[in-house]
Amino acid sequence: MKKIEAIIKPFKLDELKSALHDIGVTGMTASEVKGFGRQKGHTEVYRGAEYIVDFIPKVKIEIVIDESMVDQVTDAIIGSVKTGKIGDGKIFVLPVESVCRIRTGETGQEAI
Amino acid sequence: MKKIEAIIKPFKLDELKSALHDIGVTGMTASEVKGFGRQKGHTEVYRGAEYIVDFIPKVKIEIVIDESMVDQVTDAIIGSVKTGKIGDGKIFVLPVESVCRIRTGETGQEAI
Amino acid sequence: MKKIEAIIKPFKLDELKSALHDIGVTGMTASEVKGFGRQKGHTEVYRGAEYIVDFIPKVKIEIVIDESMVDQVTDAIIGSVKTGKIGDGKIFVLPVESVCRIRTGETGQEAI
Amino acid sequence: MNMDVINISNKELPMKKSIARKAGLPFFTALMAMPGVALAGEGVAEVAGSAAMYVVNNTWMLVATFLVFVMHLGFAALESGMTQAKNTVNILFKNTAIIAIGLLTYALVGFNLMYPGDFSIAGFFGFAGFGIGVDPGSMMITGDDGVGIYTYWTDFIFQAMFAATAATIVSGAVAERIKLHSFLIFSVIYVAFIYPWVGSWKWGGGWLDAKGFYDFAGSTLVHSVGGWAALAGVILLGPRLGKYVNSRIKPIMGHNMPLATIGVFLLWLGWFGFNGGSVLSADPGLVSFVFVTTSLAAAAGIVGAIMLSWILQKKPDLAMALNGALAGLVGITAGADVVTVMSSIVIGFIAGLLVVASVMIIDRIRLDDPVGAISVHLVCGIWGTLAVGIFSADHSFMVQLLGVGAYGVVCFAAAFALFLALKITLGLRVDEEEELKGLDVGEHGMEAYGGFVINKS
Amino acid sequence: MNMDVINISNKELPMKKSIARKAGLPFFTALMAMPGVALAGEGVAEVAGSAAMYVVNNTWMLVATFLVFVMHLGFAALESGMTQAKNTVNILFKNTAIIAIGLLTYALVGFNLMYPGDFSIAGFFGFAGFGIGVDPGSMMITGDDGVGIYTYWTDFIFQAMFAATAATIVSGAVAERIKLHSFLIFSVIYVAFIYPWVGSWKWGGGWLDAKGFYDFAGSTLVHSVGGWAALAGVILLGPRLGKYVNSRIKPIMGHNMPLATIGVFLLWLGWFGFNGGSVLSADPGLVSFVFVTTSLAAAAGIVGAIMLSWILQKKPDLAMALNGALAGLVGITAGADVVTVMSSIVIGFIAGLLVVASVMIIDRIRLDDPVGAISVHLVCGIWGTLAVGIFSADHSFMVQLLGVGAYGVVCFAAAFALFLALKITLGLRVDEEEELKGLDVGEHGMEAYGGFVINKS
Amino acid sequence: MNMDVINISNKELPMKKSIARKAGLPFFTALMAMPGVALAGEGVAEVAGSAAMYVVNNTWMLVATFLVFVMHLGFAALESGMTQAKNTVNILFKNTAIIAIGLLTYALVGFNLMYPGDFSIAGFFGFAGFGIGVDPGSMMITGDDGVGIYTYWTDFIFQAMFAATAATIVSGAVAERIKLHSFLIFSVIYVAFIYPWVGSWKWGGGWLDAKGFYDFAGSTLVHSVGGWAALAGVILLGPRLGKYVNSRIKPIMGHNMPLATIGVFLLWLGWFGFNGGSVLSADPGLVSFVFVTTSLAAAAGIVGAIMLSWILQKKPDLAMALNGALAGLVGITAGADVVTVMSSIVIGFIAGLLVVASVMIIDRIRLDDPVGAISVHLVCGIWGTLAVGIFSADHSFMVQLLGVGAYGVVCFAAAFALFLALKITLGLRVDEEEELKGLDVGEHGMEAYGGFVINKS
Ligand SMILES: Nc1ncnc2c1ncn2[C@@H]1O[C@H](COP(=O)(O)OP(=O)(O)O)[C@@H](O)[C@H]1O
Ligand SMILES: Nc1ncnc2c1ncn2[C@@H]1O[C@H](COP(=O)(O)OP(=O)(O)O)[C@@H](O)[C@H]1O
Ligand SMILES: Nc1ncnc2c1ncn2[C@@H]1O[C@H](COP(=O)(O)OP(=O)(O)O)[C@@H](O)[C@H]1O
């Protein structure tokens with residue numbers, strides 16, 4: 001089991017969801033985050049002084065899947081959210097030791 | 001050290017907290033997330049057209065604990081948040097390599 | 001590759017960002033979370049009855065970096081956010097198996 | 001006035017002879033007493049002067065009308081601010097629907113039930129027929145001195161704005177768990193029939209009016225009438241899920257205190273028309289005096305509520321301060337024109353204490369009233385009505401008590417029966433899952449704050 | 001009145017002879033018909049009476065003025081509540097700027113374009129010169145019976161409050177994608193020149209007035225004039241990104257329904273002045289009658305919209321209920337004083353049905369109007385204007401249709417040309433990235449809800 | 001007026017003879033100058049006419065009263081919108097408490113300090129005794145021509161609504177760090193004693209009035225008086241944590257711009273009563289003229305602030321546009337009735353420029369005023385007062401300057417002393433941890449937006 005975390009541009013969420021759905025991913029969890037990176041935030045002015053808001057709104061997607069699907073999912077993510085502009089985001093893959101569906105107590109492959 | 005991530009129904013948070021407290025878990029971190037899964041979201045109508053809001057509000061709980069407590073914590077989670085209906089959520093267990101309490105610099109077991 | 005997760009006091013975010021920037025960390029992701037721990041929440045009164053709000057606002061920072069930088073980053077975090085008072089927060093280090101920059105498809109070290 | 005219009009209207013609508021809401025209103029006595037001014041009896045001077053007087057009286061009543069209208073926004077804001085975000089659309093919808101229901105049913109039946117002119121069952125029940133309309137020749141309604149005070153239309157629209165208030169009061173108490181259609185059906189019936197019928201007992205010149213019962217602007221006729229129904233609804237609905245768990249009372253906090261505060265200030269604003277307009281003319285002395293007693297009672301209510309809640313809770317409580325303002329306003333409503341300035345402060349202050357105590361006690365006896373409507377409108381409505389008997393030498397405490405009791409028995413019984421019938425037939429309460437998810441999504445398929453980016457997919 | 005002030009003012013500002021907005025207003029006929037009251041002709045009695053009458057008339061018009069002012073807040077709240085959080089500052093900014101633009105340009109040119117007194121091109125175009133000011137001796141404007149109804153200044157400020165409304169209507173329709181400076185330039189020109197110029201055709205006593213066209217308070221002159229420009233803007237701008245994707249219509253929900261609800265209730269409140277003030281005096285019968293028709297039409301609009309949307313969508317829709325209230329209000333605006341009470345309910349109810357159908361159809365033909373401004377102001381504005389021809393025997397349907405058509409052709413053409421010129425020169429639409437990030441950050445460098453702690457770094 | 005009521009009231013309350021707020025008010029001169037109208041001197045005609053005139057005057061003053069009341073909601077919304085979410089309950093609480101404090105203390109001592117009738121220390125200090133109350137025979141207050149303008153009660157309640165404003169102004173400037181009880185104590189003393197005492201110098205007919213100082217509606221008497229206290233408070237409190245770090249100025253953004261915008265529009269609405277009511281009668285020419293100057297100054301203030309901030313910041317700034325509206329309003333308040341229309345635009349425009357410059361400068365000299373209260377109320381209050389001396393030939397610049405200086409010295413000193421005394425005794429500032437957590441949780445144990453699901457456990 002692996003966990004894929006993708007930090008993406010918020011307006012790409014819908015396309016990402018469809019792309020993942022198409023390759024058979026049936027579950028995921030999303031949250032609003034703020035990202036700091038190469039993409040520069042916007043400049044705000046406040047009482048005549050400029051300052052940079054360098055945390056930019058992003059969406060974080062977490063998907064736990066079987067190891068065998070990692071590449072497929074990664075490709076689907078890249079395919080659906082890539083714009084080619086700075087700030088497109090990152091994909092991180094983390095190991096997961098066990099998975100459990102609370103409702104049924106199922107574990108492993110059946111739980112996701 | 002392991003990290004347990006549980007995605008649960010929001011209104012179960014209070015019971016989960018009590019259950020974990022009872023078995024001696026003294027710390028945890030919660031956040032609001034939106035989940036996509038088998039549980040169908042509600043249908044909304046907008047200007048006469050129906051559409052499904054398929055991201056459902058969930059709460060994500062993160063608990064870092066000693067390996068020895070994983071089963072106990074898992075059981076406590078299942079015991080407190082299970083309703084038996086679709087959408088009860090998942091438990092993921094991830095490996096953690098090190099832990100540190102910022103205030104004291106303590107690491108490992110003492111830090112949690 | 002490692003992922004460092006730090007739970008910190010919200011008002012320390014700015015200092016943390018500067019400290020990390022100084023040691024060359026160019027990317028990170030932040031989110032608002034609520035923490036339960038030793039730090040007691042405030043007491044609220046509602047219609048004459050007291051109750052404790054025990055989930056306290058915290059900020060969670062996620063940084064994926066090369067293994068070699070883990071100590072340096074940990075030190076920078078401690079150095080910048082420590083107040084010495086209960087509730088300063090935790091640092092967790094998790095293994096990361098792969099990293100990918102969506103924009104370029106770069107992986108590993110170049111991707112962060 | 002375009003006669004043709006009215007004539008057309010008259011063809012389809014029955015006539016209605018309106019009677020003054022308060023018998024024996026001491027009209028413009030202050031003016032008469034102006035030093036050096038002797039109004040010239042039946043002479044020409046009076047003619048032109050009274051024409052202008054008619055216009056200014058009517059203009060003031062129209063101003064009062066739009067102020068009372070503002071109260072509906074006040075209620076919508078207060079109720080939605082004091083409850084959870086997930087039930088906000090539902091509350092806003094109810095408040096929008098109620099004003100529509102109130103105005104239309106009042107035009108159809110309410111006005112003619114409340115001011116029947118002649119009673120069919122002496123002083124107890126009368127009905128002047130369906131719809132509104134008037135012969136232009138009798139459009140002007142005059143005070144005791146024969147000077148015009150307002151038009152038939154002004155009379156109707158001012159009273160119509162009051163009508164929906166009773167249902168709105170209920171709305172807050174039963175919020176976050178009642179089925180929308182059951183609530184709407186209840187509102188239609190309560191506003192169209194019960195409110196105006198019992199209102200006729202006093203303002204329509206019925207039996208309680210004959211007994212000398214006094215309720216200037218509606219501590220009982222509006223606020224308690226709504227409050228009794230709120231109580232019946234809360235009892236039959238039961239508490240919100242998670243409110244009382246294992247002998248513990250769990251707070252369910254309001255989600256938007258600025259919204260609640262806007263609501264209370266707008267209610268206070270509306271009260272200048274609610275009380276000020278209940279003078280039923282622009283009488284300078286009386287209207288301005290009512291402004292003073294109303295404002296000082298609200299202020300004293302705030303002080304009373306802050307003091308008691310600060311003592312009991314060790315913290316100054318905004319929700320209680322806001323309730324205190326409303327408590328003072330409800331409290332002074334019955335006697336705003338007949339108590340002294342000092343009495344108005346005392347009445348408001350006690351109302352402020354009462355509302356804090358009442359909110360706590362009602363919570364302890366496990367009646368779950370999310371916005372404190374029962375405490376504000378029923379408890380302080382009763383207090384205000386009785387206060388007239390205490391602070392005004394001209395009114396009898398026992399008669400006031402009789403009035404309070406009469407309204408209590410009839411309104412509580414009627415509301416209870418209505419809610420019970422709905423509970424048995426259509427059901428009163430949304431199912432558990434819907435309550436947990438929130439009524440916005442369950443009943444309306446909509447969220448109040450749709451901004452979360454992740455929803456947009 | 002301090003004469004010196006006016007004299008100074010007169011030195012720099014031209015004179016203006018204002019003419020009554022509605023020819024042949026049946027002024028104070030109701031009063032004249034008061035039983036037992038015969039106004040004494042030219043005698044002394046009338047003198048003092050009419051002095052007081054003048055003051056009360058003027059006072060009512062000033063009350064109406066501040067009520068119309070409230071509508072600008074209503075629009076700001078409604079539009080920002082119905083759109084996304086990331087464009088809120090932009091909408092609030094536009095609404096704040098528009099009221100300033102409206103008042104200042106109306107003082108500079110608009111008032112004298114709309115009420116030119118003498119037309120240069122018969123009934124079609126006239127201009128009385130730049131700026132405002134008046135000789136104190138002619139400051140009082142009188143009705144047909146010679147009684148003062150308001151001052152020159154009241155006339156100006158009441159009309160000025162109307163002026164900015166047309167641009168505000170556009171603001172909602174083009175929201176979330178238009179460039180700020182292009183919108184501001186459009187607004188200045190539309191409000192300063194187009195609105196008052198076409199307004200002069202009817203209210204300025206121009207050719208449509210001569211034909212007998214009737215528009216009491218502006219279903220066409222204000223709402224449709226704004227609505228046509230909204231339509232032109234929406235066509236030229238195109239839909240918001242992500243609204244129509246692969247033949248699917250994606251909803252973009254409003255971010256704050258309490259704010260939208262506050263907006264609608266405040267608009268309704270303002271309408272008491274918009275319609276009530278359009279009586280142009282405090283005539284008791286007429287103003288109170290207008291209050292009744294206006295309120296009942298709004299209520300019926302709510303009911304109509306709730307019913308139709310509940311049937312079509314299977315859920316009671318708050319946004320539709322709110323639009324229904326506005327639809328009823330826009331619909332009754334043209335004929336609030338000349339239709340019967342029953343007709344006002346029918347007009348409002350049909351407007352409520354129309355707005356629901358229209359919002360859905362406009363969405364299906366891929367015109368992206370975030371707040372439904374075209375449906376509310378244009379569709380119901382047309383309906384209300386035609387309804388005068390249907391429900392009032394005194395007015396011709398064909399003339400009403402002619403008026404609707406004339407305004408449609410000229411306003412749509414003018415707005416389209418203006419927007420097109422801006423599109424070609426400065427550009428009309430923000431770039432894609434800015435639209436995605438939101439105009440608040442893109443145009444203003446500011447967020448509406450700056451509370452997220454992580455932003456503060 | 002029910003005599004009994006008043007008599008009862010009189011038994012416990014002292015008499016008070018009110019004096020007209022502005023000496024030599026040119027009362028109804030416009031009316032007198034009506035072409036063809038010669039008021040009939042002492043004849044019967046005048047009797048009836050002046051009775052109606054009295055009623056309409058009084059009605060207008062009551063309308064102005066509720067408009068000024070609305071300003072308190074405006075302040076509450078503006079201040080909470082412009083600060084951080086975590087201090088919202090605190091701000092709302094303060095504003096709710098202040099209106100209560102203002103009304104009650106004004107009834108108890110303020111009114112009789114401000115309008116003492118006879119001064120104990122010539123033109124400098126007088127006190128007519130505790131409480132309010134009036135002999136019904138002298139309830140009517142008349143203008144110079146003997147016509148009634150309003151009642152004693154109207155006089156009181158209109159003035160009372162003004163009283164709390166001064167403290168509210170301070171509230172915004174010291175927000176987010178001041179201890180609640182210290183602020184409340186300050187407010188009680190400042191509103192009960194300082195504000196009315198210094199007010200008596202001009203409006204009470206004191207020494208500055210005698211010198212010919214002019215302040216129509218309170219640029220100095222209300223706004224600067226509040227502004228000086230704000231300045232004293234800000235100096236003694238110091239900046240919010242994190243505002244000025246290592247020579248960098250860090251912005252702390254407001255958390256809710258729609259709320260702030262609602263606040264500003266409601267303040268503008270209230271200003272129609274603040275300035276329009278300060279005419280102290282319904283004089284058609286004067287009130288409508290004041291409506292025009294007030295509105296155009298606000299509009300010009302918006303334009304001025306937008307222009308300067310757009311130039312300096314390269315972005316159009318909503319917060320500055322809103323401040324510009326208030327700046328224009330504060331600026332025109334001193335001379336709304338004595339400057340020309342063109343001058344009102346210039347005064348407003350300059351105020352709009354001033355407020356932008358002032359906000360930036362005050363921030364650079366490290367005075368942390370979260371809502372810009374000092375810039376809006378003090379700086380533009382001074383500007384408006386001096387502008388009377390510049391734009392009105394009838395008033396002396398030097399006398400205006402003297403007035404500004406006199407108020408500045410006394411109010412700043414008094415407020416500074418008061419705040420200092422509180423700082424030494426009770427402490428002025430919450431501790432660091434509470435400031436970081438927010439005063440809502442620290443002082444009130446409550447959150448403004450309690451919706452976050454995780455809190456509910
Ligand atoms: N080292 C990192 N650890 C965690 N998150 C990161 C890291 N680097 C970047 N991110 C996240 O990815 C987002 C995009 O990164 P950025 O450098 O702006 O552009 P790009 O993805 O094109 O390289 C950031 O906003 C941040 O949320
Ligand atoms: N593969 C997955 N990866 C990450 N989160 C998931 C995954 N599958 C489900 N979830 C989360 O768990 C929640 C519940 O899943 P769902 O399929 O609706 O019901 P159940 O838990 O009963 O199987 C989802 O809303 C989502 O947040
Ligand atoms: N075991 C844990 N797992 C996950 N998060 C934890 C754990 N323990 C503490 N935390 C997080 O760290 C925060 C600070 O912990 P706390 O016990 O209050 O103080 P300290 O860090 O000084 O020990 C908590 O609010 C919570 O968010």
Side-chain angles (χ1 to χ4, degrees), chain E residues 1-2 4-5 8-9 12-13 44-45 47-49 51-52 54-56 58-59 62-63 65-66 69-70 72-73 76-77 80 88-89 92-93 96-97 99-100 103-104 107 132-133 136-137 139-140 148 150-151 153-154 156-157 160 180 256 259 443-451 455-456, chain F residues 26 29-31 33-35 37 39-40 43 45-46 48-50 52-53 56 59-60 63 67 84-85 252-258 261-262 265-266 269 272 276 282 284-289 291-292 295-296 299-300 302-303 306 315-318 321-322 325 337-342 393-394:
Chain E
M1 192 74 236
N2 187 325
D4 295 342
V5 177
I8 291 168
S9 144
E12 48 198 38
L13 299 170
V44 282
V47 171
Y54 171 41
V55 182
V56 60
N58 184 71
T59 298
L62 290 175
V63 170
T65 298
F66 73 65
F69 171 78
V70 170
H72 292 283
L73 175 56
S80 50
T88 302
V89 166
L92 297 171
F93 186 91
T96 307
I99 172 93
L103 290 172
L104 292 172
I132 52 171
M139 187 175 63
M140 182 176 77
Y150 45 78
T151 70
W153 302 113
T154 303
F156 163 73
I157 195 72
L180 179 65
N256 194 329
L259 193 57
E443 298 272 45
H444 304 275
M446 194 172 182
E447 284 166 286
Y449 304 96
N455 270 344
K456 271 187 248 124
Chain F
T29 45
L31 262 181
M34 262 165 42
V37 171
L39 289 181
E46 193 171 333
S50 65
M53 199 74 97
V56 59
T59 298
W60 167 245
V63 169
L67 289 175
Q84 299 167 84
I252 301 178
M253 310 300 275
H255 84 284
N256 194 330
M257 292 312 292
T261 306
I262 288 176
F265 273 81
L266 291 182
L269 173 63
F272 288 116
L286 218 39
V287 179
S288 61
F289 185 72
F291 264 53
V292 172
S295 297
L296 293 180
I302 291 172
V303 172
I306 288 179
K315 300 229 167 177
D317 186 330
L318 174 62
L322 297 174
D337 62 334
V338 293
V339 298
T340 63
V341 168
M342 190 46 72
D394 295 339

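Here is the naming used below: chain letters follow the sequence lines, and residue numbers restart at 1 for every chain. Side chains included, hydrogens not; waters and symmetry mates left out as well; all remaining heavy atoms used.
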Region of [X] that comes under 4.5 Å of a non-hydrogen atom in chain F:
X: E:Leu259; value: side chain
X: E:Thr59; value: side chain
X: E:Ala77; value: neither

Can you tell me which portion of [X] sits under 4.5 Å from chain E's heavy atoms? Options are side chain, backbone, both or neither.
X: F:Val63; value: side chain
X: F:Phe291; value: both
X: F:Leu269; value: both

field: Partner of F:Phe265 under side-chain contact (heavy atoms from CB on, under 4.5 Å), chosen from E:Leu92, E:Thr96, E:Val70
entry: E:Thr96
query: What residue in E:Ile157, E:Thr154, E:Leu73 has the most heavy-atom pairs under 4.5 Å with chain F?
result: E:Leu73
message: Please enumerate all residues that pass ring pair (Phe, Tyr, Trp, His ring centres under 6.0 Å) together with E:His72, with sequence neighbours excluded.
response: none
Validation row: E:Met140, E:Asn58 side chains within 4.5 angstrom (heavy atoms): no
query: When only pairs under 4.5 Å are counted, which of F:Val56, F:Leu318, F:Val287 shares the most heavy-atom pairs with chain E?
result: F:Leu318
- prompt: Given the options F:Ser295, F:Ala325, F:Gly276, which has more heavy-atom pairs under 4.5 Å with chain E than any of the others?
  reply: F:Ser295
query: What heavy-atom pair brings E:Thr88 and E:Ala448 nearest, and what distance separates the two atoms?
result: CB-CB, 3.5 Å
- prompt: So which heavy atom on E:Gly133 is nearest to which on E:Trp153, and how close?
  reply: CA-CH2, 3.9 Å
message: Once rounded to the nearest 0.5 Å, what's the spacing between atom CZ of E:Phe66 and atom CG of F:Leu67?
response: 4.5 Å
field: Polar side-chain atom of F:Ser50 near backbone of F:Met53 as donor-acceptor pair, under 3.5 Å
entry: no
